[in-house]
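Down below is the structure, laid out as structure tokens.
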Number of protein chains: 2
Amino acid sequence: MQGKPNKGKIMITTGLEDYLELIYNSIEKKENIKAIDIANKFNISRSSVSEALIRLADLGLIIYNGRKGIDITTEGKVEAEKIIKKHRILYTFFNEILSINQTISNKNACKIEHVIDDEVIAKIEIFSNYCKANSIEKKFKETQND
Amino acid sequence: MQGKPNKGKIMITTGLEDYLELIYNSIEKKENIKAIDIANKFNISRSSVSEALIRLADLGLIIYNGRKGIDITTEGKVEAEKIIKKHRILYTFFNEILSINQTISNKNACKIEHVIDDEVIAKIEIFSNYCKANSIEKKFKETQND
DNA sequence: AATAATAGTAAGGTATACCTAACAAAATGT
DNA sequence: ACATTTTGTTAGGTATACCTTACTATTATT
């Protein structure tokens with residue numbers, strides 16, 4: 001039922017997706033991400049990260065050379081960007097349309113981004129834009145205060 | 001990272017939640033659900049269901065006596081109802097507000113219901129009602145056809 | 001340069017969620 | 001009633017995602 005990576009596609013698990021996301025973001029910020037940073041961020045052991053990085057490298061998503069550093073491949077970037085885009089769309093919907101605080105919006109986006117289908121995400125994005133274009137989120141927020 | 005049941009609460013895993021949901025719905029419909037029905041529904045083996053039912057019974061959510069039948073406890077009902085409510089709210093939002101077809105709406109509700117927080121679900125419910133009360137979903141749908 | 005601290009790996013362990021194969025008990029068909 | 005099929009259980013196996021402990025290699029401190 002679980003853990004079974006989906007069909008043919010690359011399809012990595014929730015955990016690996018999270019680690020890849022962090023690697024991508026760090027590299028974008030020109031930060032030199034190391035295995036231990038991932039361990040600290042997600043509160044998992046160094047050895048678990050070690051294994052996970054080897055897996056991501058096996059999947060062709062990163063280039064990993066131990067202490068020499070972690071780099072992301074083109075394919076890895078594409079995957080990471082997909083996840084980050086989902087995250088951003090969900091976060092925006094929760095925070096800006098539903099007026100849910102940043103922490104909860106982020107936490108829920110983090111979990112849902114791994115399971116939601118592209119079609120649904122696409123619709124949420126369009127709908128969020130529609131709401132903003134028509135100030136629906138403002139009108140909705142007003143009904144919430146009374 | 002994964003599979004780790006959350007904090008103190010009852011907290012069962014995605015798979016167990018799905019099975020409990022089916023058990024609850026079958027009992028509501030006065031159907032006599034058996035282990036094999038669960039196996040067929042979720043495409044898993046009889047032995048996996050056997051284990052899962054023992055686990056649900058250990059958690060106090062069902063009463064399981066092999067061939068003698070599956071029954072749900074009060075606590076199990078409460079848990080199942082929570083999940084089913086989340087499912088319903090998500091399904092309605094996807095299908096009626098975003099105009100996503102029933103199959104995709106259902107599939108995504110099935111996955112998200114296990115990870116979304118109560119606060120977010122509550123807001124989605126209120127927002128869906130607000131949309132319907134103001135025919136926002138109809139106006140949105142019109143912009144989609146052009 | 002020598003020592004101490006940090007970072008990564010390896011080995012071995014746990015728990016979960018599946019699986020198949022073999023078996024036993026119960027339900028069903030004739 | 002007897003044979004067949006169905007259903008559930010057991011035993012043993014796989015893969016994942018964690019863990020701890022011990023070890024090694026590198027980096028920093030003095």
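A quick note: this is a predicted structure, and the numbers were derived from the prediction, not measured. All chains are named by letter (A, B, ...) in the order of the sequence lines, taking the proteins before the strands, and each is independently numbered beginning at 1.
Applying the 4.0 Å criterion to OP1 and OP2 of dT9(D), one finds that Tyr64(B) has a side-chain N or O inside that range. Residue Ser47(A) places no side-chain N or O under 4.0 Å from the OP1 or OP2 atom of dG8(C). Contact between the side-chain N/O atoms of Arg55(A) and the OP1/OP2 oxygens of dA17(D) is found at a separation under 4.0 Å. Between Ser45(A) and the phosphate of dC19(D), there is a side-chain N or O to OP1/OP2 separation shorter than 4.0 Å. Distances shown here put a side-chain N or O of Ser50(A) below 4.0 Å from the OP1 or OP2 atom of dT9(C).
Of the candidates dC19(D), dC19(C), dG8(C), dG8(C) carries the atom nearest the Ile36(A) side chain, counting heavy atoms from C-beta on.
Atoms CZ (Arg67(A)) and P (dT27(D)) sit 7 Å apart, rounded to a whole Å. Atoms CD1 (Ile54(A)) and C1' (dA7(C)) sit 14 Å apart, rounded to a whole Å. In this structure, Lys34(B) places its NZ atom 13 Å from P of dT9(D), rounding to the nearest Å. As rounded to whole Å, 13 Å separates atom P of dT16(C) from atom CG of Leu56(B). Rounded to an integer number of Å, the gap from CG of Asp58(A) to P of dA17(D) is 13 Å. Rounded to a whole Å, the CZ atom of Arg46(A) is 15 Å from the P atom of dA25(D). Spacing between atom NZ of Lys68(A) and atom C1' of dA25(D) amounts to 11 Å, rounded to whole angstrom units. Nucleotide dT6(C) holds its C1' atom 16 Å from the CD1 atom of Ile38(A), rounded to whole Å.
The shortest side-chain heavy-atom distance between Lys111(B) and Thr14(B) does not fall under the 4.5 Å cut-off. A heavy-atom distance below 4.5 Å is found between the side chains of Ile70(A) and Ile38(A).
Ion pairing of Glu96(B) with Lys132(B) is present here, as a side-chain N (NZ or NE/NH1/NH2) and a carboxylate O approach within less than 4.0 Å. We find that Asp118(A) and Lys86(A) are joined by a salt bridge, their nearest charged nitrogen and carboxylate oxygen being less than 4.0 Å apart.
Not one N or O on the side chain of Asp37(A) forms a donor-acceptor pair closer than 3.5 Å with the backbone of Ile33(A).
Between Glu51(B) and Ala35(B), the one whose closest nucleotide on DNA chain D sits nearer the 5' end is Ala35(B).
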